[in-house]
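Because only heavy atoms are used, hydrogens play no part in the values below, and waters and symmetry mates are left out as well, while side chains stay in. First the proteins, then the strands, lettered A, B, ... as listed; each starts at 1. Keep in mind it's a predicted model, so treat the numbers as computed, not measured.
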Amino acid sequence: MKIGIPKDGRFGEFGGKYIPETLAPAIDELEKSYLKIRNDKNFKKELGRLLVEYAGRPTPMYFAKNLTKTVGGAKIYLKREDLLHGGAHKINNTLGQALLAKRMGKKRIIAETGAGQHGVATAMACASLGLKAEIYMGYVDTIRQKQNVFRMELLGAKVHAVKSGSKTLKDAINEAMRDWITNVDSTYYLLGSAVGPHPYPLMVRDFQAVIGNEIKKQMKKIPNAVVACVGGGSNAIGTFYPLIDTKTKIIGIEAGGKGVKTKLHSAPLSAGKKGVLHGMMTYLMQNKDGQISETHSISAGLDYPGVGPEHAYLKDENRVEYKAVTDDEVIDAFLILTRTEGIIPALESAHAIAHAIKISKKMKKTESIVVTLSGRGDKDIDIVKEYLSKQ
Amino acid sequence: MTRIQEKFNQLKSKNEAALISYIMAGYPSEKATLSAVRGLIKGGTDIIELGFPFSDPIADGPTIQMASTESLNKGTKIDDFFAIVKKIRKEADIPLVLMTYTNILYNQTYQKFISRAKKAGIDGLILPDMAIEESKDYVKAAKKSGMDTIFLVSPNTQNDRLKKIIKATSGFLYMVAVFGTTGVQTKIHKYTIDALKNTKRSANGKIPVGVGFGISTDKDVHKYVSSGADAVIVGSANIKIMENTPANKIESKIFTFTKKLKNKTR
């Protein structure tokens with residue numbers, strides 16, 4: 001069930017590389033370069049040093065005893081990716097890929113961003129490695145995450161507000177791909193989630209697997225359950241992958257928005273259909289003609305109609321359980337964690353917290369749950385404030 | 001033999017290149033699409049490429065993106081598209097190519113979609129995000145229905161890959177002229193002309209080679225045809241005319257423009 005390097009770029013039937021022909025040589029070069037450095041000792045050493053000295057790894061495993069007491073069930077542990085430089089797990093991947101880009105001799109980096117966390121992490125990695133960064137961000141997201149726009153600009157990146165389509169993450173990816181098609185020779189596309197054509201889902205998973213590997217080391221006993229939020233699914237696949245061959249119950253949480261029975265959600269694994277978008281075959285939210293649906297989530301980072309192909313595979317193999325929680329449940333979890341532990345989670349990560357609270361109640365007190373707290377919530381306080389003022 | 005193959009054979013005997021004209025179905029309306037088709041046919045276009053809008057057209061520049069969004073906002077569904085095709089078929093026997101994105105076919109399964117398209121009167125398909133590696137089931141389904149599969153190649157496509165693509169292609173091979181998306185105006189690059197010559201060499205007379213992306217004037221048409229292109233594909237320029245022309249003038253404006261371009265293919 002565990003797939004190392006996916007054959008023909010596919011996880012089971014999912015993935016592949018559905019790309020315009022102009023990108024074929026670039027994808028080919030990327031795949032070859034990545035497979036070459038994947039086991040290169042010097043590359044690993046250099047990345048390892050950056051992860052420790054620059055990003056702040058390893059991140060702590062925190063036993064949330066107040067939250068556990070409040071909920072009254074299984075012990076809840078938090079894998080504190082929110083404490084990384086930049087405030088989210090995204091830096092694990094951007095350092096890896098920026099280092100790869102540098103090895104490939106590419107000087108111009110482009111990236112997409114939803115909530116802005118990947119954009120910020122890209123801008124940081126590029127500033128530190130002397131690369132030029134341009135970030136595509138949906139216009140709607142530049143408004144709801146305006147603080148991150150300024151952060152990226154301060155870090156020296158150029159931010160393009162994308163006004164096509166639904167003006168969110170999927171459109172930012174479209175525009176980044178168009179840029180790449182146009183500047184294919186000079187440019188490295190630094191994708192931030194475990195999505196896109198092969199080898200991106202593999203690369204992003206490999207760079208994020210540091211999360212799950214540390215969880216294994218830090219927990220004396222393999223936890224009874226691990227929970228992570230899933231948009232494109234990068235922190236989740238990084239958490240899950242090293243634990244796939246263990247007995248841990250693995251749960252991925254999608255953005256249920258106003259409910260998966262409504263149209264206002266971002267939960268393709270819970271309520272989508274197989275299709276092809278952004279270079280991959282995976283579960284997608286789409287209408288009966290195959291047009292991609294506009295999605296909704298209170299968290300910009302999960303507001304995406306597709307999901308990484310390895311998640312689609314793990315769902316169909318029944319190895320990982322995928323559930324969705326609603327915006328309301330997310331806000332409740334956000335407030336509970338903030339007040340009991342003094343930790344303000346990103347709204348994305350609050351999805352995982354919400355589900356952990358639900359299942360903890362039904363588990364034994366001797367059992368344990370690890371939740372990947374993928375990012376901190378400073379970026380979200382305006383959204384939460386507005387939400388609460390409407391209640 | 002499909003209508004596309006027949007057309008290229010006819011043109012070859014006349015020592016003429018094909019003009020292939022793209023418009024977007026349902027943009028700015030179904031009526032306007034049909035008016036434009038009449039203008040294209042009267043103007044002498046050889047093949048019509050009819051776009052079906054996709055929500056996320058990554059290979060398209062601003063003009064065709066705009067037309068896609070407008071068409072979708074007007075509510076164009078796949079049923080409407082096939083209804084338009086059937087209406088065109090009542091009036092004309094011109095080869096019709098559908099350009100859209102992979103998910104539109106995948107959604108209904110390749111087999112079902114292609115067989116329906118063929119019945120409606122479509123002769124060939126262009127899917128800019130269908131890479132050769134992923135195309136086995138698609139090509140198989142198309143062959144079964146006698147549908148031409150028109151693949152794209154780029155100036156940076158390596159020769160071994162080019163061979164594989166040519167093998168899977170029928171109708172004609174679509175060479176992208178520039179590194180970029182559709183409709184972005186640029187001068188004609190030397191690398192494009194070199195790539196065209198190389199592609200023609202690989203095609204070795206077995207399959208016609210068309211050039212598209214960024215071609216908008218009769219001068220462009222002349223340049224590519226005199227460099228050996230078997231066909232030139234003009235798209236965004238038609239959309240721009242339709243964008244700026246009142247509905248009752250679309251047919252005549254498209255006619256005049258098409259006639260001017262077609263003259264340069266002879």
Side-chain angles (χ1 to χ4, degrees), chain A residues 8-10 13 15-29 31 162-167 170-187 196-198 273-282 284-294 305-306, chain B residues 52-62 65-66 68-69 72 75-81 100-109 113 127-136 138 151-158 161-162 164-165 173-182 184 186 213:
Chain A
D8 298 328
R10 295 218 177 227
E13 63 175 313
K17 32 184 163 179
Y18 295 85
I19 45 164
E21 183 56 29
T22 305
L23 292 181
I27 288 278
D28 192 43
E29 183 196 3
E31 185 181 356
V162 176
K163 293 191 175 173
S164 57
S166 59
K167 306 178 181 70
K170 88 174 167 72
D171 309 284
I173 297 179
N174 291 342
E175 213 49 44
M177 288 185 96
R178 289 183 189 118
D179 179 315
W180 198 23
I181 291 168
T182 309
N183 303 295
V184 62
D185 256 355
S186 66
T187 299
H198 176 70
K273 189 183 162 190
K274 287 174 198 169
V276 175
L277 179 72
H278 294 151
M280 60 181 167
M281 199 283 270
T282 187
L284 299 174
M285 290 184 46
Q286 53 186 315
N287 72 13
K288 79 179 203 341
D289 264 3
Q291 307 292 353
I292 305 306
S293 312
E294 294 203 357
Chain B
F52 178 69
F54 179 50
S55 52
D56 296 82
I58 53 166
D60 285 305
Q65 281 178 50
M66 177 278 298
S68 304
T69 307
L72 286 173
T76 306
K77 300 275 189 299
I78 199 67
D79 293 349
D80 304 316
F81 177 84
T100 190
Y101 285 78
T102 301
N103 196 50
I104 300 295
L105 277 72
Y106 193 92
N107 183 269
Q108 303 190 13
T109 76
F113 186 99
L127 304 174
D129 61 342
M130 174 56 82
I132 190 72
E133 292 89 345
E134 314 298 343
S135 68
K136 211 175 126 197
Y138 159 68
F151 278 85
L152 289 89
V153 294
S154 169
N156 60 1
T157 305
Q158 299 294 311
R161 203 178 155 83
L162 196 54
K164 279 186 211 157
I165 295 175
L173 187 65
Y174 190 139
M175 196 192 98
V176 171
V178 291
F179 295 115
T181 49
T182 54
V184 179
T186 94
F213 280 36

Would you check, one step at a time, whether the test side-chain contact (heavy atoms from CB on, under 4.5 Å) holds for E21(A) with T157(B)? CA-CA 7 Å; E21(A) 183 56 29; T157(B) 305; 3.3 Å; yes
Looking only at heavy atoms, which two atoms of [X] and [Y] are closest? And how far apart?
X	Y	answer
L284(A)	N103(B)	CD1-OD1, 4.1 Å
G180(B)	T182(A)	CA-OG1, 3.5 Å
F54(B)	V276(A)	CZ-O, 4.4 Å
I181(A)	I58(B)	CD1-O, 3.8 Å

Can you say whether [X] sits under 4.5 Å from chain B via the side chain, the backbone, both, or neither, judging by heavy atoms?
X	value
E294(A)	neither
K17(A)	both
N287(A)	backbone
P20(A)	both

Between D56(B) and Q291(A), is the side-chain contact (heavy atoms from CB on, under 4.5 Å) condition met? List the steps. CA-CA 8 Å; D56(B) 296 82; Q291(A) 307 292 353; over 6 Å; no
Need one label for [X]: side chain, backbone, both or neither, based on atoms under 4.5 Å from any heavy atom in chain A.
X	answer
P57(B)	both
L105(B)	neither
T181(B)	both
Q65(B)	side chain
F52(B)	side chain
L127(B)	neither

Quick check for you: to the nearest 0.5 Å, what is the distance between [X] atom [atom1] and [Y] atom [atom2]?
X	Y	atom1	atom2	result
Y18(A)	Y138(B)	OH	OH	12.5 Å
R178(A)	D60(B)	CZ	CG	7.0 Å
I104(B)	Q286(A)	CD1	CD	8.5 Å

Please walk me through it: do T22(A) and N156(B) pass side-chain contact (heavy atoms from CB on, under 4.5 Å)? CA-CA 7 Å; T22(A) 305; N156(B) 60 1; 4.0 Å; yes
Before accepting this row, confirm whether a basic side-chain N of the pair R10(A)/E133(B) lies closer than 4.0 Å to the acidic partner's carboxylate O.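 Salt bridge: no.
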Has K273(A) got more than 12 heavy atoms of other residues, nucleotides or ligands less than 6.0 Å from its NZ?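 Correct, the count exceeds 12.
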So which of L277(A), N183(A), D8(A), D179(A) has the largest heavy-atom pair count under 4.5 angstrom toward chain B?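 Ranked by contacts with chain B, first place is L277(A).
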